[in-house]
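Notes to accompany the following structure.
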Amino acid sequence: MGLIDQLVVFNSLSRKKEVFEPQIPGQVGMYVCGPTVYSDVHLGNVRTFISFDIIYRYLQHLGYKVRYVRNLTDVGHLLDDGQDRVSKRARLEQIEPMEIVQKYTNSFHDTLRLFNTLSPNIEPRATGHLIEQIEMVQEILANGFAYERNGSVYFDTVKFHETFKNYGELSGRKIEELFAETREDLKNQDEKNHPSDFAIWMKAADEHIMKWNSPWSVGFPGWHLECSVMSTKYLGETFDIHGGGNDLKFPHHENEIAQNIGAKGKAPVKYWLHTNMLLMNGKKMSKSDGNTISPEELISGNSPHVTKGYDPMVVKFFMLQSHYRSTLDLTDEALQAAEKGYYKLTEGLKALEKLTTDQAGEGQLDQEINGLLDLITDDMNDDFNTPKAISRLFDLTNYINKLKDGHLAANAVGTECLEHMKRAFKAFFLDVFGLSLDSGAGQGDDIVEGLMGLVIAIRQKARENKNWETSDQIRDGLDNIGIQLKDGKEGTVWSKKS
RNA sequence: GGUCGGUUGGCCGAGUGGCUAGGCAGAGGUCUGCAAAACCUCGUACAGCGGUUCGAAUCCGCUACCGACCUCCA
């Protein structure tokens, strides 16, 4: 009985929350800008991909059939000095560009797997779509929104804006001001008619490695073009959701829209979703200025920014405790708090699995518990409010612990409600949030379980004999190797310490 | 400089006109052989200044500070 029974998303285009209505009922097309595979992903990228992973999972949870496309950029993304990122890296590492692409694609996948994200349905590469990109350049040229200059082709932003009046719509900048501003920089703009024009095909210099034949020159496609092409190819000329970090709004997404309209005559995307930046020490985490920590460093603890390593699930949980549209400041202290909270929930879920009741009818807590479960859906329906949804899981855990410890009678909850709670808690924690139980605490293989059972039994015997020296030796010894014993009413359980 | 966003208790972080967010840390208590875990109780926070309102952390204006984009980044 949620208050909100419809999914509402914040659309960057309108800057408002809108009811989500896919163009084909029951089906969702979602495109997310993936990484340029020329170096290891950093944590800010990971946050964005985790955010869209949650969105993907939640859409599926709601019953939508989702086609999730996330590209890999392997050509055309240039550095300030005009060098292709992949090519430059290939030169530095003295291997083929495509080896670079493969190496960092593998690394990207490995990293995301650590965080238990689902693979997209299609992961297209820019170099795999050269023909389509050339075709789109031709379309844009044919429609008069591009011009050729010395073998390169540039998108004509001035003409585009005169025609459609919406260049700058997404990023919220007034195009006249943008034009006026950049006019002073004309000296740097050599071939372009106007500074805000951008290349959709670039002629390659002789020494350039990654280049292809085209009607205009031996060259390579512009950075923004691939996303227009691949989203159109796999999701159609108009589709539902386009996502990415908000640092891509301008120029990348703005230009993407312009290209699609320039080629197809219509705006490609109904809902633009943008994630906010991950900060560290109050500043944007960024590859280019060194204020960064890699996923590996964060997990291993091998970084001056953290006092210890953190389990990937803890890092993910930390991220989910803020909203995807808010900045999130990564600090060691905040991670430690998240770690404790995360284990509280995993322990709660494990305790929940063991709860039983013989209350066949309705229990006195049923209404409150069912209400909390409904609120989780409301929260997620409200633009994927994971922090709020997680607060409900903590509330539920409080009930679970009371039931577990006997502070509440077992039959305070009815059979049906208990089953509902088990189903829903798992559905959100494991399936929607993609968290897992077994990474941090208390579950080993059969041998470990057997050994622990034996050790706990020996300690229990010592305690019965009031042999505190032995029982404390066992407890402290286990503590030293990172295992915590918890004595409860129903006996002793153990878990790995956080 | 232009554009946009933010400033919430010791820390992180939701909320956006009247109803306890939540987590972590801290204090006291229950339980325990002692601890831990769990449970109970405890914080009267919303940058500053004005304004609108019966009522504002929440709306409006100004100021300060922070950040992002404008140029490669998710």
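Chain identifiers are assigned alphabetically (A, B, ...) following the order of the sequence lines, protein sequences preceding nucleic acid strands; residue numbering begins at 1 within each chain.
- The only member of A:Phe250, A:Phe155, A:Tyr154 that meets ring pair (Phe, Tyr, Trp, His ring centres under 6.0 Å) when paired with A:Phe198 is A:Phe155.
- RNA chain B is contacted by both A:Asp247 and A:Lys486; A:Lys486 maps to the nucleotide lying nearer its 5′ end (nearest heavy atom per residue).
- Per the geometry, CG belonging to A:Leu278 stands 13 Å off C1' belonging to B:G67, to the nearest Å.
- A distance of about 36 Å separates the P atoms of B:C65 and B:G26, rounded to the whole Å.
- Checking B:U58 for Watson-Crick or G-U wobble geometry (two distances, each under 3.5 Å) identifies no partner in any strand.
- Between A:His242 and the options A:Trp272, A:Phe52, A:Tyr271, A:Tyr68, a ring pair (Phe, Tyr, Trp, His ring centres under 6.0 Å) holds for only A:Trp272.
- Of the candidates B:A74, B:C70, B:A36, the closest approach to any side-chain atom of A:Pro251 belongs to B:C70.
- Residue A:His274 is tested with A:Leu170, A:Leu13, A:Thr48 for a side chain to side chain contact (heavy atoms under 4.5 Å, CB included); the sole match is A:Leu170.
- Remark: B:A27 base-pairs with B:U41. Criterion, Watson-Crick or G-U wobble with two distances under 3.5 Å.
- Judged by the 6.0 Å and 45° rule, A:Arg70 forms a cation-pi pair with A:Phe49.
- Whole-Å rounding puts the A:Lys249 NZ to B:A68 C1' distance at 9 Å.
- Summarising the base pairing, B:A21 is matched to no nucleotide, lacking a Watson-Crick or G-U wobble pair whose two defining distances lie under 3.5 Å.
- Residue contacts for A:Gly244: at a heavy-atom cut-off of 4.0 Å it reaches the sugar-phosphate backbone alone, with no base atom in range.
- One finds a side-chain N or O of A:Asn45 lying less than 4.0 angstrom from the OP1 or OP2 phosphate oxygen of B:A74.
- Salt-bridge formation is detected for the pair A:Arg463/A:Asp487: a Lys NZ or Arg NE/NH1/NH2 atom is positioned less than 4.0 Å from an Asp or Glu carboxylate oxygen.
- With a cut-off of 3.5 Å on both pairing distances, the Watson-Crick or G-U wobble partner of B:A64 is B:U7.
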B/S/- contact track for nucleotides 13-25 of chain B, protein heavy atom under 4.0 Å: SSS-----BSBSS
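- Put simply, NZ on A:Lys466 is 12 Å from C1' on B:U32, counting in whole angstrom units.
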Dump the pairs, protein N or O against N or O of nucleotides 40-46 of chain B, anything under 3.5 Å, distances to one decimal.
from	atom 1	to	atom 2	distance (Å)
B:C40	OP1	A:Asn398	OD1	3.4
B:C40	OP1	A:Lys402	NZ	3.0

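- Sequence order on RNA chain B of the closest nucleotides to A:Thr331 and A:Leu43 puts A:Thr331 first from the 5' end.
- Listed candidates were B:A38, B:A74, B:A37. Nearest to the side chain of A:Asn401 is B:A38.
- Checked by atom type and distance alone, the side chain of A:Ser303 pairs as donor or acceptor with a backbone atom of A:His305 at under 3.5 Å.
- Salt bridge status for A:Arg57 with A:Asp53: present, with a side-chain N to carboxylate O gap under 4.0 Å.
- The listed nucleotides are B:A37, B:G67, B:G33; the one nearest the side chain of A:Arg459 is B:G33.
- Nucleic acid contact class of A:Arg15 (heavy atoms, under 4.0 Å, all strands): none.
- In this model, no side-chain donor or acceptor of A:Asn246 finds a partner on the base of B:A74 within 3.5 Å.
- With a cut-off of 3.5 Å on both pairing distances, B:G33 has no Watson-Crick or G-U wobble partner at all.
- Of all nucleotides present, none satisfies the Watson-Crick or G-U wobble test against B:U16 with each distance under 3.5 Å.
- As rounded to the nearest Å, B:A25 and B:C34 have C1' atoms that lie 24 Å from one another.
- A cation-pi arrangement is present between A:Arg325 and A:Phe10, with the terminal nitrogen or guanidinium carbon under 6.0 Å from the aromatic centre and inside a 45° cone about the axis.
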